[in-house]
Each structure stands twice: as C-alpha cells, then as structure tokens.
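Down below is the structure, laid out as structure tokens.
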Amino acid sequence: GSVSEERMQRNVVVVMPDNDAVPRVDQHESVVQRIQCFAKNHTPVGFFDGTKTCHPIVKSACEVWRVCGDVPMHRDFNEACSRHILPQELGQLYPVLAQPILGTHEEQ
C-alpha cells in the first residue's frame, strides 16, 4: 500500500548536509536532520563543490559518526572514514564560523 503522511513524519529522516544541493530540490514531509560538511581538519567546503563533496552517503555517515560516535556498539569506522575525518576530530564540535556555510539562495 501507500505510505501515509503521518508515517512519513514519524519514520523518515532526511539527512541534509551543508552545501549539498540535492536534498534542497524538493520539499520534505519528514524530519530533516541538518549536518555539517567539512573536509578533513575542519576545512570549509565551498558551495560549488558542496554537492560532489557532501552528498555521498559515506561522507554523511562519517559525519554522524564523528559527532555522535557509536555507543553502545563502539564500532570502528576509521578505515571507511579516514578520507573524510581525522581521528582527533571524533567527538569534537567544530568551532562556529563567522559566516554559516549556506548557499546564497538559502534563507538563514
């Protein structure tokens, strides 16, 4: 059968990385979880490179792992995530930038 709007709102989470244009092409009827998208060592990713850099699911999964960890499983994703984050970045909040990393077309 079809999926109701209520089930979408309760059971679906859209992960929306900064500077990824793909999840912004449509309206979402579900929870939207925004995540940051930086290169290694907190290096900003420009808006024009954002979709190529920020859209891959592995990059998003590594960002969630960087921020949240993997308690209680304590799995080690270093091998898969080593091209996206440094070990010393795990569990660390990035400093707030003077200007948010958003496209000029997006409201703040």
Side-chain angles (χ1 to χ4, degrees):
S2 64
V3 177
S4 70
E5 184 175 337
E6 180 181 358
R7 288 189 69 186
M8 286 282 292
Q9 291 172 345
R10 290 176 183 241
N11 300 324
V12 176
V13 176
V14 174
V15 175
M16 188 178 296
D18 287 344
N19 289 343
D20 181 357
V22 174
R24 290 170 171 77
V25 298
D26 202 357
Q27 183 174 337
H28 302 286
E29 299 299 328
S30 57
V31 173
V32 176
Q33 177 62 55
R34 298 194 56 166
I35 62 172
Q36 295 178 319
C37 179
F38 287 95
K40 276 186 175 180
N41 205 22
H42 193 224
T43 306
V45 174
F47 184 72
F48 294 107
D49 293 327
T51 298
K52 180 179 81 175
T53 302
C54 302
H55 187 69
I57 190 71
V58 171
K59 172 69 172 139
S60 293
C62 291
E63 175 60 14
V64 171
W65 179 60
R66 181 190 70 78
V67 174
C68 302
D70 188 42
V71 174
M73 303 293 283
H74 301 288
R75 292 170 288 192
D76 184 355
F77 295 99
N78 273 309
E79 186 176 336
C81 295
S82 63
R83 62 182 283 222
H84 301 292
I85 58 174
L86 296 171
Q88 62 266 29
E89 294 177 292
L90 294 176
Q92 301 299 312
L93 294 179
Y94 288 141
V96 176
L97 299 175
Q99 301 220 343
I101 300 179
L102 298 173
T104 56
H105 65 280
E106 190 169 307
E107 293 181 29
Q108 298 180 28

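For reference, positions follow the sequence shown, starting with 1. Given the structure is predicted, the values throughout are model-derived calculations rather than measurements.
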Only pairs at least two apart or in different chains count here, so list each ring-ring contact (aromatic ring centres under 6.0 Å, His included) that has a residue in residues 54-73. W65-F77
With distance as the sole test, does K59 use its side chain to make a donor-acceptor pair with the main-chain N or O of F38 at under 3.5 Å? yes
Nearest non-hydrogen partners of L86 and K40, listed with the distance: CD2-CD, 3.8 Å
Test item: S60 and V64 side chains (from C-beta on) under 4.5 Å apart, heavy atoms: no
Output the distance between atom CD (E63) and atom SG (C68), rounded to the nearest 0.5 Å. 8.5 Å
What's the shortest heavy-atom distance between H28 and V14, and which atoms? ND1-CG2, 3.6 Å
Would you mind listing every side-chain hydrogen bond (donor to acceptor under 3.5 Å, both in side chains) that reaches into residues 77-91, with sequence neighbours excluded? D76-N78, E89-Y94
CD1 of I35 to CG of D20: how many Å apart, nearest 0.5 Å? 8.5 Å
Looking at K52, I want to see if its NZ is surrounded by more than 12 non-hydrogen atoms of other residues, nucleotides or ligands under 6.0 Å. no
Close side-chain approach of C81 and R66, heavy atoms under 4.5 Å: no
Applying side chain to side chain donor-acceptor pair (under 3.5 Å) to D49 and not counting sequence neighbours gives none
Scanning both residues in full, the closest heavy-atom pair of V13 with Q33 reads CG1-CB, 3.9 Å
Once rounded to the nearest 0.5 Å, what's the spacing between atom SG of C37 and atom CE of M16? 13.5 Å
Just by modelled atom types, is the T43 backbone N or O under 3.5 Å from a matching donor or acceptor in the N41 side chain? no
